[in-house]
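Working notes, beginning with the structure itself.
Numbering starts at 1 and runs along the sequence shown.
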Amino acid sequence: MTSTIESKMTVCDKFIRVSATQKDDGTFDIVIDSDCDALKYFSQIGNVSMDDIMNFETSKINKEEVRGNMSMICVAPIMVYQACWMECGMMSKRIYPKMGPITIDMAKD
């Protein structure tokens, strides 16, 4: 079964959808749809391994040559982690949608 996460990036007014499907060999097929030109290269990530979603430091998801020219504040890489974690049972598919959106807001003085 596929796990899909969507985000509307208010800071740049772009839409991102990340889907992860776990294969029999334990790897994850990743599909990224976005209206952001900077994500065209990252969206070709293809698949990631269990090690990629468990080891942030060495993960293929974070490598500069995979990220391309996307902004450092883009949530697409984190969405890949979350979709994969949901797909392999590290996050609840039942609870996650009930929690509402994750937001980052500017602090009010």
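- Counting only heavy atoms from C-beta outward, the side chains of Ser49 and Met54 never approach each other to under 4.5 Å.
- Summarising the geometry, atom CD1 belonging to Ile5 is positioned 10.5 Å from atom CD1 belonging to Ile78; distances are rounded to the nearest 0.5 Å.
- Two different hydrophobic clusters hold Met9 and Tyr41 under the rule that ILVMFWY side chains link at heavy-atom gaps under 4.5 Å.
- Within the structure, salt bridge (Lys or Arg N to Asp or Glu O under 4.0 Å) pairs that include any residue of residues 53-64 do not occur (at least two apart or interchain).
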Next item on the list: Start with the C-alpha gap between Ile45 and Ile61, add the side-chain angles, then the distance that decides, and say whether side chain to side chain contact (heavy atoms under 4.5 Å, CB included) holds.
Entry: CA-CA 8 Å; Ile45 193 168; Ile61 300 163; 4.1 Å; yes
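- Here Glu6 pairs with Phe15, Arg17 under the side-chain contact (heavy atoms from CB on, under 4.5 Å) rule; sequence neighbours left out.
- Closest approach of Ile53 and Cys88 over heavy atoms only: CD1-SG, 4.1 Å.
- One hydrophobic cluster, built from ILVMFWY side chains closer than 4.5 Å, cannot hold both Val31 and Met70; they sit in different ones.
- Both Val75 and Val18 belong to a single network of hydrophobic side chains, linked directly or stepwise wherever heavy atoms of I, L, V, M, F, W or Y lie under 4.5 Å apart.
- Residues Ile16 and Met79 approach most closely at O-CE, 3.6 Å, considering heavy atoms.
- Contact annotation: the side chain of Gln22 approaches that of Met50 to within less than 4.5 Å [non-hydrogen atoms, C-beta and beyond].
- Scanning both residues, Arg67 and Asn62, for their nearest heavy atoms gives CD-O, 3.3 Å.
- For the ring pair (Phe, Tyr, Trp, His ring centres under 6.0 Å) test, no residue two or more places apart in sequence or in another chain qualifies with Phe42.
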Next item on the list: For side chain to side chain contact (heavy atoms under 4.5 Å, CB included), just list the numbers for Ser43 and Ile30, CA-CA rounded to whole Å, side-chain angles, deciding distance to a tenth of an Å, and then say yes or no.
Entry: CA-CA 8 Å; Ser43 68; Ile30 305 299; over 6 Å; no
Notebook entry, point to check: Between Asn47 and Phe28, is a side chain to side chain contact (heavy atoms under 4.5 Å, CB included) present by the stated rule, with each step listed?
Noted result: CA-CA 5 Å; Asn47 66 39; Phe28 302 87; 5.8 Å; no
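- For the side chain to side chain donor-acceptor pair (under 3.5 Å) with Ser19, the qualifying choice from Thr4, Thr2, Asp33, Asp29 is Thr4, the only one to do so.
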Next item on the list: Would you sort out whether Val11 and Ile73 count as a side chain to side chain contact (heavy atoms under 4.5 Å, CB included), showing the intermediate values?
Entry: CA-CA 10 Å; Val11 73; Ile73 64 167; 4.1 Å; yes
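- Heavy atoms only, all atoms of each residue included: Lys93 and Ser3 are closest at CE-OG, 2.8 Å.
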